[in-house]
Amino acid sequence: MKVAMPVNGQSMQDEVCESFGRAPFFLFYDTESEVPNFVDNVAAKSRGGAGIQAAQSLVDAAADVLLTPRCGENAAEVLAAANVAVYKTEGRSIEANLEAFGNGSLPLLQETHPGFHGHQND
Amino acid sequence: MVPCPCCKKHIPDSMDTRMTNPKVAVLSGKGGTGKTLLAVNLAEVAGRSLYLDCDVEEPNGHLFFRPAELETQAIQVKIPQIDADLCDGCKICVDFCKFNALAFAGSKWILFEEICHSCGGCTLVCPQHALSERDKTIGQVQNGISEQVCVYSGFLNPGEASGIPIIKKLLAETRTADTAVIIDCPPGSACIVMESIKDADYCLLVAEPTIFGAHNLQMVHELVTLFHKPCGVVLNKCQAGDNPSERYCVEHDLPIVGRIDFDPVLGRLNSDGKIAARVSGTYNQRFSVIWQTILEETQLETAINS
Ligand code: SF4
Ligand code: SF4
């Protein structure tokens, strides 16, 4: 299973990023091989609709699951269309969250926040 | 009776047509500075005039003018729609859209309508010709008449990406107008404001007498300078003591074309939705003086430029 997570840096010691669409990197973690793979988030620099673009990149990377502190409603719509399950992270540790997810103790992310409709940059 | 050239409605022909019909844009760095107060009252004292409310997210001018003989026109933009049978999921459209209004996930093409800026690009780039355009209403333009003033107001539906198509429609009215035009601009200095001042002959900046007021004044002043527009300032809510906005004008050689003193009477007229220059002789006089100064400034500009 491929698990995705927005993160602040490119090592397992870095922290989960508070933002989904604007996170600098995504961690893709393969639960079978246990190999982490860090990639740049192309959406981080986009002017608007970053959440949508980030969600699209996760779908394109064939992620099965997203662990994130928060997620916009537009991004959630894209992820739902591709059946990517979204769980809510607890605390900032990457490893602790992967472990909690493995134990089945992370809750599904229930709330999504409304988008900014591109207004912040118009 | 002669028909108004812009809205074809009837206004008495006894009214004077002025030699000069400048297009004056009224701006401020944020809402609540008295921008609409000024725009409405100047339109009132300008004789026959055209008042355009381009503050499409919060158009308030019509609340003062209460225009009669209202006409409403829906404003539409084009957004893409898909023929799913033709789409092969190549995602070229998704990559193309620089607003990220499109996604393709789980064999589903998704459009986020409120993010789409109607550029039409996705429809052009789709190799399968799976996309076509359809109309979507984003708001409306209302027009009517209030004594000598032809009132046009733009309304943007909440949540829409951009009011610019509505502003373009409003400004199109100025091309045929043979009266003075007052453009009540949206607050701030975003691209929607630039659109509103593009055709203006003169920009009038409204500023409050505080540090924040001076900061907001600087923002809009930089914007109009960028467009090489002649401009002047009206200092609003003036009271005894230091006025940072006035200091800014002096330091930057910005002409002060008027001052409106802080006055509870004016505040009350305004909050009651009354046009001060229509109901009060004193204020009619005061706004007329400001309008005359603006006319002189614009004529001066014309003289310098010709
Ligand atoms: S019309 Fe332009 S902005 Fe709208 S979805 Fe297509 S490419 Fe994006
Ligand atoms: S470009 Fe056309 S064919 Fe390709 S995904 Fe978009 S709509 Fe479908």
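Side chains included, hydrogens not; waters and symmetry mates left out as well; all remaining heavy atoms used. Remember, predicted model here, so these are calculated numbers, not experimental data. Protein chains get the first letters and strands the later ones, always in sequence-line order, with residue 1 at the start of each.
More than 12 heavy atoms of other residues, nucleotides or ligands sit less than 6.0 Å from atom CG of B:L124. In this structure, B:E58 places its CD atom where only 12 or fewer heavy-atom neighbours from other residues, nucleotides or ligands lie under 6.0 Å away. In A:E111, the CD atom is not crowded: 12 or fewer heavy atoms of neighbouring residues, nucleotides or ligands sit closer than 6.0 Å. Dense packing is recorded around NZ of B:K91, with more than 12 heavy atoms of other residues, nucleotides or ligands lying under 6.0 Å away. Counting heavy-atom neighbours within 6.0 Å of B:F227 CZ, excluding the residue itself, gives a total above 12. For A:M12, the CE atom sits in a packed shell: over 12 heavy atoms of surrounding residues, nucleotides or ligands are nearer than 6.0 Å.
For B:I164, no part lies near chain A; criterion is any non-hydrogen pair under 4.5 Å.
Residues of residues 87-98 of chain A never come closer than 4.5 Å to chain B when only heavy atoms are counted.
In terms of heavy atoms, B:A105 sits closest to A:A82 at CB-CB, 3.9 Å.
Distance alone, capped at 3.5 Å, is enough to place a donor-acceptor pair between the A:Q56 side chain and the B:F104 backbone. Without hydrogens or angle criteria, B:N100 side chain to A:S46 main chain gives no donor-acceptor distance under 3.5 Å.
A:S11 is linked by a side chain to side chain donor-acceptor pair (under 3.5 Å) to A:D14, counting only residues two or more places apart in sequence or in another chain.
To the nearest 0.5 Å, atoms NZ (B:K98) and CD (A:Q53) are separated by 13.0 Å. Here the CG atom belonging to B:L102 is positioned 9.0 Å from the CD1 atom belonging to A:I52, to the nearest 0.5 angstrom.
Among the candidates A:D60, A:N83, A:V59, the residue making the largest number of heavy-atom pairs closer than 4.5 Å to chain B is A:D60.
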